[in-house]
Amino acid sequence: MRKITSILFLFMALAVNASEPVQLCNVYGRQLISLNGEWNYIVDVQEEGFYDYRMNENRWGFFQNAKPSKPEDLIEYDFDKSPTMQVPGDWNTQDDRLFFYEGCVWLKKDFNYTVSQGKKAILHFGAVNYEAIVYVNGKKMGRHEGGFTPFGYDVTDVLLDGVNNVIVKVDNKRKAENVPTQIFDWWNYGGITRDVSLVVVPEKYVEDYVVRLQGKNTRLIEFTAHVHGAQAGEKVTLSIPELKKKIDLITDEKGIVTTTFKAKPQLWSPESPKLYKVTVECNGETINDEIGFRTIETRGKQILLNGKPVFLRGISIHEEKAYGGGRANCTDDAITLLNWAKDLGCNFVRLAHYPHNEWMVRQAEKMGIMVWSEIPCYWTISWTNPATFENAKMQLHDMIYRDRNRGNVIIWSIANETPHSAQRDDFLGKLATYARSLDDTRLISMAMEVTSASNYINRLNDNMNQYVDVISFNEYVGWYRDVHDASKMTWEIPYEKPVIVSEFGGGAKQGYRGNVNQRWTEDFQANLYRENLKMLDKIDGLAGTTPWILKDFRSPRRVLPEIQEYYNRKGVVSDKGKRKLAFEILREWYAAKAEAYK
């Protein structure tokens with residue numbers, strides 16, 4: 001009962017505060033009306049569309065979408081005469097004036113809707129970076145904070161039969177109390193960066209469900225669902241035709257159904273990424289999904305997939321388009337990036353440093369690629385600020401909520417490169433405990449930092465070791481210290497747990513050649529990889545690596561003219577899609593690892 005209890009904990013937690021944004025699992029398996037496409041936008045540097053000149057919230061703000069009714073009316077904005085940009089998309093790459101812009105932009109979309117009796121409409125956003133205040137037909141629906149997690153609102157009662165509008169005040173200003181905080185090493189793309197949809201559901205609808213193996217038992221499947229607005233007596237039907245299962249269930253007084261049943265599914269793996277067509281039906285709605293069944297666990301210093309040791313041949317990836325910059329936001333983007341990872345020999349990707357687009361996770365599942373998913377507790381978070389903790393906790397919740405039916409997600413990560421302190425340990429310890437309470441069927445990890453005891457001894461000493469299942473750390477021998485040190489290094493990792501080296505690497509400008517001691521050349525980067533891979537092979541308990549990084553990505557911290565030009569150049573593929581010498585070196589090492597783990 002322990003695992004089913006953890007599922008129910010999440011369902012009941014969602015229902016506590018009705019004023020919170022509405023969440024739906026598996027939005028793409030439901031009836032959708034897409035609101036993607038052209039949106040009008042107004043750049044509002046001083047937020048005059050939201051505040052009056054005394055900095056009070058202005059009830060006559062831009063969200064009213066006002067029009068003059070007589071010649072003397074004074075209205076100093078007009079969405080319909082304003083320029084347009086594509087949603088999903090970021091404003092930085094769609095308007096040259098906004099390349100470095102951090103601040104407020106208003107976006108508006110008109111759409112037609114036909115009101116249907118007995119139906120609800122949920123306005124769903126895949127993500128908006130960073131703060132979003134949403135209005136429909138002039139009525140404020142709510143405010144959401146966090147740039148990489150989905151949210152939605154029940155807009156049924158404010159929609160008109162005919163033309164409607166949605167207006168979003170988007171603000172990507174960096175703040176110390178945010179998650180991520182004021183400084184981070186990636187581009188702060190602003191805008192509505194993921195899909196926007198109206199999701200049409202019955203008045204009583206399946207809000208959430210989980211279909212998975214019961215623990216390590218590969219012959220038992222558990223199913224739990226929560227029907228929003230239901231009391232006892234609602235019928236829910238689960239169907240998995242290929243397993244010859246069709247099960248009718250009746251909700252309890254909390255609108256929840258739970259069952260466990262025998263089955264013999266083929267297990268999902270990178271070599272055979274088997275997915276089963278699954279439907280969940282309730283009140284005339286049929287939700288379609290594809291689900292893979294697998295087990296993931298640790299045994300001593302090994303990671304076991306379906307009971308067998310596996311080496312995670314990984315690469316880190318930012319959510320940036322394959323060619324040039326801009327936020328990746330569609331299936332085609334995911335396919336290109338993941339095909340590069342497959343060509344590299346990867347069976348695993350670290351989606352850094354925040355939850356990526358749902359298309360990325362789903363496409364990886366189809367392609368047989370395991371996933372590390374992370375929240376942006378990055379560098380120096382405001383560890384003692386209660387609001388910051390609640391923000392991080394909600395982002396963790398929303399990441400797990402969205403993707404816990406995705407069998408390829410094997411690791412939830414709670415942080416990256418955070419400085420040690422008692423306050424940090426308390427903050428992250430609570431997050432790790434919370435993650436496990438929501439989902440105890442996956443591994444918990446975080447990217448730690450190495451503390452060096454002497455010149456050639458790298459020692460990992462992190463109080464968070466007690467909370468994680470996998471010890472992961474970042475190291476940059478050869479980039480932030482001499483590559484000739486690699487052969488001399490001794491690693492001390494005093495924990496009986498598997499080890500993932502979550503980052504290593506160095507920068508190179510594609511096409512720039514020289515000798516192995518000349519920084520920024522492909523030859524320097526290639527030699528760095530050779531020396532690091534030989535060094536990493538000596539680490540006891542090494543169970544995987546995710547070098548930094550698949551492709552060059554934009555970063556405002558990388559300003560060196562003619563070399564960086566606002567790109568972090570640590571990719572093994574350039575921002576133009578060209579492979580560097582290090583790509584082949586890593587590919588050969590992974591080929592040897594794949595052979596050794598057959």
Side-chain angles (χ1 to χ4, degrees), residues 2-3 6 179-180 215-216 295-305 309-312 314 316 348-355 370-379 381 383 389 392-393 395-397 399-400 403-404 408-451 458-475 491-504 536 539-546 548:
R2 181 170 61 90
K3 293 181 178 61
S6 71
V179 182
K216 302 179 186 67
T295 65
I296 191 74
E297 59 187 306
T298 65
R299 183 176 62 200
K301 294 189 175 184
Q302 293 180 318
I303 295 175
L304 305 182
L305 176 67
V310 62
F311 188 86
L312 302 179
S316 295
F348 178 61
V349 290
R350 178 187 179 212
L351 301 183
H353 285 292
Y354 37 77
M370 295 174 282
V371 163
W372 159 313
S373 191
E374 186 166 288
I375 59 170
C377 287
Y378 182 93
W379 289 357
I381 293 291
W383 304 116
F389 176 78
K393 183 179 178 182
Q395 291 190 46
L396 179 63
H397 167 280
M399 175 178 72
I400 293 174
D403 287 337
R404 62 205 173 105
N408 63 325
V409 178
I410 62 167
I411 293 175
W412 302 124
S413 172
I414 57 173
N416 176 78
E417 286 185 358
T418 51
H420 296 196
S421 71
Q423 294 81 7
R424 169 265 206 176
D425 293 347
D426 179 65
F427 188 107
L428 294 182
K430 289 177 180 176
L431 285 185
T433 300
Y434 182 62
R436 212 176 295 281
S437 76
L438 300 182
D439 179 13
D440 60 359
T441 68
R442 289 175 172 84
L443 308 178
I444 305 293
S445 193
M446 60 179 281
M448 302 174 179
E449 290 186 310
V450 176
T451 55
N458 277 337
R459 177 174 291 122
L460 199 66
N461 182 18
D462 196 313
N463 293 333
M464 288 301 297
N465 77 85
Q466 63 187 302
Y467 293 99
V468 299
D469 302 298
V470 178
I471 303 297
S472 304
F473 62 87
N474 301 345
E475 64 87 5
W491 294 86
E492 294 184 359
I493 305 171
Y495 312 117
E496 190 62 22
K497 294 182 178 182
V499 173
I500 295 175
V501 178
S502 39
E503 291 181 28
F504 70 92
L536 298 184
I539 294 179
D540 182 38
L542 185 69
T545 62
T546 51
W548 194 256

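Starting from 1, each residue takes its place in the sequence as its number. All heavy atoms count here, side chains included; hydrogens, waters and symmetry mates do not.
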Asks: Would L312 and I303 count as a side-chain contact (heavy atoms from CB on, under 4.5 Å) here? Give the steps.
Replies: CA-CA 9 Å; L312 302 179; I303 295 175; 3.7 Å; yes
Asks: Could you give the distance from OG (S502) to CD1 (I500), rounded to the nearest 0.5 Å?
Replies: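 Reported to 0.5 Å precision, the distance equals 7.5 Å.
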Asks: Dump the intermediate steps for side-chain contact (heavy atoms from CB on, under 4.5 Å) on Y354 and Q395, then the final yes or no.
Replies: CA-CA 9 Å; Y354 37 77; Q395 291 190 46; over 6 Å; no
Asks: Measuring only between side-chain heavy atoms, which start at C-beta, is M446 closer than 4.5 Å to N416?
Replies: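 A side-chain contact is absent here, since even the closest heavy-atom pair is not under 4.5 Å.
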Asks: If the condition is salt bridge (charged side-chain N to carboxylate O under 4.0 Å, His left out), which residues does E503 pass it with, not counting sequence neighbours?
Replies: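 In terms of salt bridge (charged side-chain N to carboxylate O under 4.0 Å, His left out), with neighbours along the sequence ignored, E503 is linked to R350.
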Asks: Could you measure the distance from the CG atom of L305 to the CD1 atom of I410? Nearest 0.5 Å is fine.
Replies: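 That separation rounds to 7.0 Å.
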Asks: I'd like to know if K301 and D540 make a salt bridge, using a cut-off of under 4.0 Å between side-chain N and carboxylate O.
Replies: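 Looking at D540 together with K301, the answer is yes, because their closest N to O distance falls below 4.0 Å.
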Asks: Going by salt bridge (charged side-chain N to carboxylate O under 4.0 Å, His left out), name the residues that satisfy it together with E475, two or more places apart in sequence or in a different chain.
Replies: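 With neighbours one apart ignored, the set is empty.
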Asks: Side-chain contact, heavy-atom cut-off 4.5 Å: I493 with I539?
Replies: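 I493 vs I539: side chains touch.
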Asks: What closest approach, in Å, do E374 and S413 show between heavy atoms, and which atom pair accounts for it?
Replies: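 Heavy atoms only, the tightest pair is OE1-OG, 3.0 Å.
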Asks: May I ask you to test the D439-R442 pair for a side-chain heavy-atom distance under 4.5 Å?
Replies: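 Result yes, sub-4.5 Å side-chain heavy-atom pair found.
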Asks: Do you know the tightest heavy-atom contact between W383 and S421?
Replies: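 So the minimum-distance heavy-atom pair works out to CD1-OG, 4.3 Å.
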Asks: Step by step, work out the side-chain contact (heavy atoms from CB on, under 4.5 Å) result for I444 and I411.
Replies: CA-CA 6 Å; I444 305 293; I411 293 175; over 6 Å; no
Asks: Would you give the length of the straight line joining atom CD of E449 to atom CH2 of W379, rounded to the nearest 0.5 angstrom?
Replies: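 CH2 of W379 is found 10.0 Å from CD of E449.
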Asks: Run the side-chain contact (heavy atoms from CB on, under 4.5 Å) check on F311 and L542 step by step: do they pass?
Replies: CA-CA 8 Å; F311 188 86; L542 185 69; 4.0 Å; yes
Asks: Look at the aromatic rings of H353 and W548 and report parallel, tilted or perpendicular, splitting at 30° and 60°.
Replies: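 The arrangement is parallel - the two ring planes meet at less than 30°.
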Asks: Which heavy atom of A435 sits nearest to which heavy atom of L396, and what is that distance?
Replies: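 Where A435 meets L396 most closely, the heavy atoms are CB-CD2, 3.8 Å.
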Asks: Begin with the C-alpha distance, continue with both residues' side-chain angles, and end with the deciding distance and a verdict on salt bridge (charged side-chain N to carboxylate O under 4.0 Å, His left out) for R424 and D462.
Replies: CA-CA 11 Å; R424 169 265 206 176; D462 196 313; 2.8 Å; yes
Asks: Is F504 close to F473 at the side-chain level, that is, under 4.5 Å between some pair of heavy atoms?
Replies: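 Side-chain contact under 4.5 Å: no.
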Asks: Could you grab the distance from atom CG of N408 to atom CG of D403, nearest 0.5 Å is fine?
Replies: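 Reported value, rounded in 0.5 Å steps: 8.0 Å.
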Asks: Contact between V349 and T546 at the side-chain level, heavy atoms closer than 4.5 Å - yes or no?
Replies: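 Heavy-atom side-chain distance check fails, nothing below 4.5 Å.
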Asks: Does the side chain of V470 reach to within under 4.5 Å of the side chain of K497, using non-hydrogen atoms?
Replies: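 Result no, sub-4.5 Å side-chain heavy-atom pair not found.
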Asks: How far does CH2 of W491 sit from CZ of R459, to the nearest 0.5 angstrom?
Replies: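 Answer for the CH2-CZ pair, W491 versus R459, is 12.5 Å.
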Asks: Taking K430 first and then D425, would you say they form a salt bridge - that is, a charged N and a carboxylate O separated by under 4.0 Å?
Replies: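 A salt bridge is absent here (no side-chain N lies under 4.0 Å from a carboxylate O).
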Asks: Ignoring hydrogens, what is the shortest heavy-atom contact between N461 and H420? Give both atom names and the distance.
Replies: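 Taking N461 first and H420 second, the nearest heavy atoms are O-CE1, 3.2 Å.
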Asks: Under 3.5 Å, is there a donor on one side chain and an acceptor on the other for S445 and S472?
Replies: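 A pair is found: one side chain offers a donor N or O, the other an acceptor, under 3.5 Å apart.
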Asks: Rounded to the nearest 0.5 Å, how far apart are CG of N474 and CE of M448?
Replies: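 That separation rounds to 11.0 Å.
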Asks: Taking C-beta and beyond as the side chain, do L431 and K393 meet within less than 4.5 Å on heavy atoms?
Replies: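 Result yes, sub-4.5 Å side-chain heavy-atom pair found.
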Asks: Closest heavy-atom contact between D469 and P498?
Replies: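 Heavy-atom minimum between the residues: O-CD, 3.6 Å.
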Asks: Nearest heavy-atom pair of L428 and I414: which atoms, and what distance?
Replies: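 Scanning both residues completely, I find the closest heavy atoms to be O-CD1, 3.5 Å.
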Asks: Looking at side-chain heavy atoms only, is the closest gap between S373 and L351 below 4.5 Å?
Replies: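 A side-chain contact under 4.5 Å is absent here.
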Asks: Could you check whether the rings of W372 and F348 sit parallel, tilted or perpendicular, using 30° and 60° as the cut-offs?
Replies: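 Answer is perpendicular, since the angle exceeds 60°.
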